[in-house]
Amino acid sequence: MRKVNVAQVTETIKNLCIDANYNLPQDVYDALKAGLEKEESPVGRSVLQQIIENADIARREQVPICQDCGLGVVFIEVGQEVYFEGGYIWDAIHEGVRQGYKEGYLRKSTCHPFTRANVGDNTPAIIHYKVVPGDKIHITVAPKGGGSENMSRVMMLKPADGLEGVKEYVYKRVTECGGNPCPPITVGIGVGGTYERSAFLAKKALLRPIGSKNPDPELAAVEEELLERINKIGSGPMGWGGRVTALAVHFEMEPCHIASLPVAVNINCHAARHKSATI
Amino acid sequence: MSDYIKVTTPLTDEVVEKLKIGDTVLITGVIYTGRDAAHKRMVEALDRGEDLPFDVKGQIIYFVGPSPAKPGNPIGSAGPTTSYRMDPYSPRLIALGLKGMIGKGGRAKEVIDACVKHKCVYFGAVGGAGALLAKRVKKAEVIAYDDLGPEAVRRLEVEDFPVIVVNDVRGNDLEKEGVKQYAIK
């Protein structure tokens, strides 16, 4: 067994919350620059220029890329040979988010669903916990803004709807979103599992590097086909007209129930933030 | 951005009438912030016959909930939030003389109609460009609903704050026109 003090997990998550909110991942930055080359609309080009300049300012001055610093979504993979000491791991994760949002001057966006009273420290974190082989801990923090999350959906299609049904559902959803999710977007598609599993798969799809392909050539072809179709909608950066509506489509799939065809569409804004570390 | 129009707040009918969709506008002067919870409270105040935290006549409301200011900065990151959530409240404020709103995303027909009827413009700012837009904010002060934290109403002094006209006083809609122009069948 490898002993790990949970304080180390808290410290790592705190730093990841700040890092993710200040420093746009390089793959996203490169995709935005490539988008600027492709964009034909003058308004769209101006938007992309502002987005790129914004990322530069955030990195240089170490301030949040976006004022919506999101909910703290934490993916944590814990090696089964790890033995935690010094406290309860669940509390340590929430504490990491609490400290990160306070010390990083990040906006606290969690509130009571009905009174809308702000919780004040951006907890609870959204935790996806997985036990894996080995004695390492791998953590990814992916702050998720409300604007793009509001545009996401889960739909239980009929098995007869098939792959074509999935493609139509995703295309229709993205078309209806317009400028609301802050395009250029990344589209995460999760197909399979149960109702909640499909949503998890769609969320996980958003963590893949922009431009990476699903290892299954058939699914990779669907990703490419949908990206091409979405970029013909004409919505463009911020929905004000243009060619670059999406930077990527990422498709994740697992087996499902014989009665079901769950499809989840999780949309990410152009500030596709996530940072990882290993303990 | 070589072609732009500079405006100074408060706005008059003459100024907003000249603005058309797609125009890049640089705003200088005082603007007020308000998003979901603040809009709800403002409309509830009107229902009770109370005054608003500020007179909306001729003013611009920016849909934003900034991140906390780092020491030495007037404000934290401050980009627009999605506007449709303010659709149930905006027509009421437009009828009272509000001349502009800044947000992102599309608006409901009721809002667009109110903009035509009462001469108000819906501006879009670049969502997710909070660090860049914060640089155009010179001063920020909470004037109401402090308990709402990021959602409190703030009085901002802005200089050359960059926006684009999304809905003008003639009922035109940049989102619709943009898609029409760039869609590939």
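Proteins get letters first, then strands, A, B, ... in listed order; numbering begins at 1 in each. Fair warning: this is a prediction, and the values are worked out from it, not measured in the lab. Side chains are part of it too, since the values below use all heavy atoms of this structure and drop only hydrogens, waters and symmetry mates.
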- Query: Of the listed residues (K104(B), R85(B), K40(B)), which shares the most heavy-atom pairs with chain A below a 4.5 Å separation?
  - Reply: K104(B)

- Item | A69(B) portion near chain A, given a 4.5 angstrom heavy-atom threshold | backbone

- Query: Considering only heavy atoms, which portion of K176(B) lies under 4.5 Å from any heavy atom of chain A: side chain, backbone, both, or neither?
  - Reply: neither

- Item | chain A contact via T82(B) - which portion, at a heavy-atom distance below 4.5 Å | side chain

- Side chain, backbone, both or neither of Y101(A) within contact of chain B (heavy atoms, under 4.5 Å): neither

- Query: Pick one: which of Q62(A), K275(A), K14(A) meets side chain to side chain contact (heavy atoms under 4.5 Å, CB included) with D19(A)?
  - Reply: K275(A)

- Task: Examine whether an atom of I65(A) lies under 4.5 Å from a heavy atom of chain B, and if so say whether it belongs to the side chain, the backbone or both; otherwise answer neither.
- Result: both

- Message: Any salt bridge linking E157(B) with R155(B)? Criterion: basic side-chain nitrogen under 4.0 Å from a carboxylate oxygen.
- Response: yes

- Item | Segment of V47(A) engaging chain B (4.5 angstrom heavy-atom cut-off) | both

- Message: Shorter than 4.5 Å, heavy atoms on both sides: which option in A125(B), A134(B), G22(B) has the most such pairs with chain A?
- Response: A125(B)

- Can E151(B) and R35(B) be counted as an ion pair, charged N to O under 4.0 angstrom? yes

- Query: Is any NZ, NE, NH1 or NH2 atom of the basic residue among K119(B) and D13(B) found under 4.0 Å from an Asp or Glu carboxylate oxygen of the other?
  - Reply: no

- Give the member of G106(B), G76(B), G65(B), G124(B) that has the highest number of heavy-atom pairs under 4.5 Å with chain A. G65(B)

- Task: Check whether A58(A) gets within reach of chain B through its side chain, its backbone, both or neither, counting any heavy atom under 4.5 Å.
- Result: both

- Message: Is A78(B) in contact with chain A via its backbone, its side chain, both, or neither, using a 4.5 Å heavy-atom distance?
- Response: backbone

- Message: Assess whether a salt bridge exists between K18(B) and E14(B), defined as any Lys/Arg side-chain N lying under 4.0 Å from an Asp/Glu carboxylate O.
- Response: no

- Salt bridge between D36(B) and R116(A), side-chain N to carboxylate O under 4.0 Å? no

- Message: Salt bridge check, D30(A) against K33(A): does any charged N sit closer than 4.0 Å to a carboxylate O?
- Response: no

- Side chain, backbone, both or neither: which part of N118(A) has a non-hydrogen atom closer than 4.5 Å to chain B? side chain

- Query: Ion pair present between E44(B) and R41(B), side-chain N to carboxylate O less than 4.0 angstrom?
  - Reply: no

- For this output row, return yes or no: ring centroids of F123(B) and Y62(B) closer than 6.0 angstrom. no

- Pick whichever of G128(B), P66(B), S83(B) has the most heavy-atom pairs under 4.5 Å with chain A. G128(B)

